[in-house]
Amino acid sequence: MAQRTPGAGVMTAKRAVKTVFRLLMLPIYGAFCLLTLFGNTDSVFQGFSQALSLIPGRIGTYCRAAFYSLACPDTSDEISIGFLTLLSHRDTTIERGVYIGPQGNIGMCTIKEGTLLGSGVHILSGKNQHYFDDPETPIQQQGGRFEKVVIGADCWLGNQSLVMADLPKRTIVAAGAIVTHSPDATSILAGNPAKTIQRRANPERQPSESGVSQ
């Protein structure tokens with residue numbers, strides 16, 4: 001008789017719980033869709049995001065994952081979004097295995113599989129949201145444009161970091177760093193503006209003679 005894979009029961013239970021929460025969120029999603037008929041989609045989305053961000057604990061995590069998987073394009077329900085974290089644009093994609101810590105602010109972006117965001121991370125919708133070239137015209141009247149920032153797979157963004165440019169896969173951003181330009185893949189960034197201070201080791205590299213992975 002074949003044995004079950006270790007942890008399979010736990011995974012099955014989690015999948016069942018996620019399915020239940022997805023069903024519970026269907027009326028909320030329906031209300032969201034209805035309200036978008038009478039107002040700006042992103043404004044309505046922001047209101048729902050603010051309300052959902054206030055739900056604490058594991059229940060809040062499941063509610064947010066279920067709602068965003070319904071409301072946002074190509075978004076998985078196998079994600080974790082922390083307490084008081086806000087999403088400001090419906091055109092946001094969050095892939096499987098992404099963790100977003102509490103008190104973050106996520107603009108229009110794609111966050112690819114397995115990426116980690118610490119507490120208080122901000123991802124802006126690009127760096128051209130406000131034009132300011134004309135000093136004689138108030139900034140509010142100069143317009144701007146939103147850009148969909150792409151955060152690659154297996155990245156790690158430290159607490160309070162701010163990102164306004166694409167990050168390739170396996171990038172690490174130090175806590176408090178401000179990223180204004182895209183680096184090469186596997187870069188470790190720090191500072192304001194953020195610069196590459198190191199490169200991540202090749203994942204295929206063998207452990208050193210001391211027995212410690214480099």
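None of the values given here were measured: they were computed from a predicted structure.
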Side-chain donor-acceptor contacts of residues 97-106 below 3.5 Å, not counting sequence neighbours, with atom names and distances?
none

Identify every side-chain donor-acceptor pair in residues 53-65 under 3.5 Å, counting partners at least two apart or on other chains, and give the distances.
residue	atom	partner	partner atom	Å
Ser53	OG	Gln50	O	2.7
Thr61	OG1	Gly57	O	3.3
Arg64	NE	Ile81	O	2.8
Arg64	NH1	Leu52	O	2.7
Arg64	NH1	Ile55	O	3.0
Arg64	NH2	Ile81	O	3.2

Name the atoms and distances for all side-chain donor-acceptor pairs under 3.5 Å in residues 109-117, with sequence neighbours left out.
residue	atom	partner	partner atom	Å
Glu113	OE2	Arg96	NH1	3.4
Thr115	OG1	Lys112	O	3.4
Thr115	OG1	Gly152	O	2.6
Thr115	OG1	Asp154	N	3.3
Thr115	OG1	Cys155	N	3.0

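Under a hydrophobic-cluster definition in which Ile, Leu, Val, Met, Phe, Trp and Tyr are linked whenever side-chain heavy atoms come within less than 4.5 Å, directly or via other members, Val179 and Ile188 are assigned to different clusters. Under the 4.5 Å side-chain heavy-atom criterion for grouping Ile, Leu, Val, Met, Phe, Trp and Tyr, Leu84 is not connected to Phe48 through any hydrophobic cluster. Under a hydrophobic clustering in which Ile, Leu, Val, Met, Phe, Trp and Tyr are joined whenever their side-chain heavy atoms come within less than 4.5 Å, directly or via other members, Leu23 and Ile79 fall into the same cluster. When hydrophobic clusters are built by joining Ile, Leu, Val, Met, Phe, Trp and Tyr residues whose side-chain heavy atoms come closer than 4.5 Å, directly or via intermediates, Leu86 is not grouped with Ile123.
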Handout entry: Thr196 vs Asp184, side chain to side chain contact (heavy atoms under 4.5 Å, CB included): CA-CA, chis, key distance, verdict
Key = CA-CA 9 Å; Thr196 300; Asp184 295 330; over 6 Å; no
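Between Arg90 and Asp42, none of the side-chain N atoms (NZ, or NE/NH1/NH2) sits under 4.0 Å from a carboxylate O, so this pair counts as no salt bridge.
Contact check for Arg199 versus Ser187: side-chain heavy atoms found under the 4.5 Å cut-off. With a 4.5 Å cut-off on side-chain heavy atoms, Val17 and Phe21 count as touching. Using a 4.5 Å heavy-atom threshold, the side chains of Ser76 and Ser69 count as separate. Inter-residue side-chain proximity for Gln46 and Ser88 is flagged as met; some heavy-atom pair is nearer than 4.5 Å.
Note that OG1 of Thr85 is 8.5 Å distant from NE2 of His122, once rounded to the nearest 0.5 Å. The structure places OG of Ser43 at 11.5 Å from CG of Leu35, a figure rounded to the nearest 0.5 Å. With rounding to the nearest 0.5 Å, the separation of CD1 in Ile94 from SG in Cys72 is 6.0 Å. Atom-to-atom distance recorded for Ile151:CD1 and Leu167:CG is 4.0 Å, nearest 0.5 angstrom. Distance check: Thr186 OG1 to Arg200 CZ gives 7.5 Å after rounding to the nearest 0.5 Å. Expressed to the nearest 0.5 Å, how far OG1 of Thr36 lies from CG of Leu34 amounts to 7.5 Å.
Residues passing the side-chain contact (heavy atoms from CB on, under 4.5 Å) test with Asp74 are Thr93, sequence neighbours excluded. With sequence neighbours excluded, the residues that form a ring pair (Phe, Tyr, Trp, His ring centres under 6.0 Å) with Phe146 are His89.
The environment of Lys169 atom NZ is sparse: at most 12 non-hydrogen atoms of other residues, nucleotides or ligands sit within 6.0 angstrom.
The six-membered or imidazole ring of Phe67 lies near that of Phe32, with a centre-to-centre distance under 6.0 Å.
Contact detail for Ser125 and Val149: the closest heavy-atom pair is C-CG2, 4.4 Å. Counting all heavy atoms, side chain and backbone alike, Ala194 lies closest to Ala177 at CB-CB, 4.2 Å.
Under the salt bridge (Lys or Arg N to Asp or Glu O under 4.0 Å) rule, Glu78 has a single partner from Arg22, Lys18, Arg15, which is Arg15. Of the residues Thr171, Val173, Ile172, the one that meets the side-chain contact (heavy atoms from CB on, under 4.5 Å) test with Leu157 is Val173.
Between the side chain of Asn159 and the main chain of Ala175, no donor-acceptor pair closer than 3.5 Å is present. In this structure, Gln160 contributes its side chain and Val121 its backbone to no donor-acceptor pair below 3.5 Å.
Clustering of Ile, Leu, Val, Met, Phe, Trp and Tyr by side-chain heavy atoms under 4.5 Å joins Leu162 with Leu124, Met164, Ile178.
For the 3.5 Å distance criterion, the side chains of Tyr68 and Thr92 fail to qualify, holding no donor opposite an acceptor.
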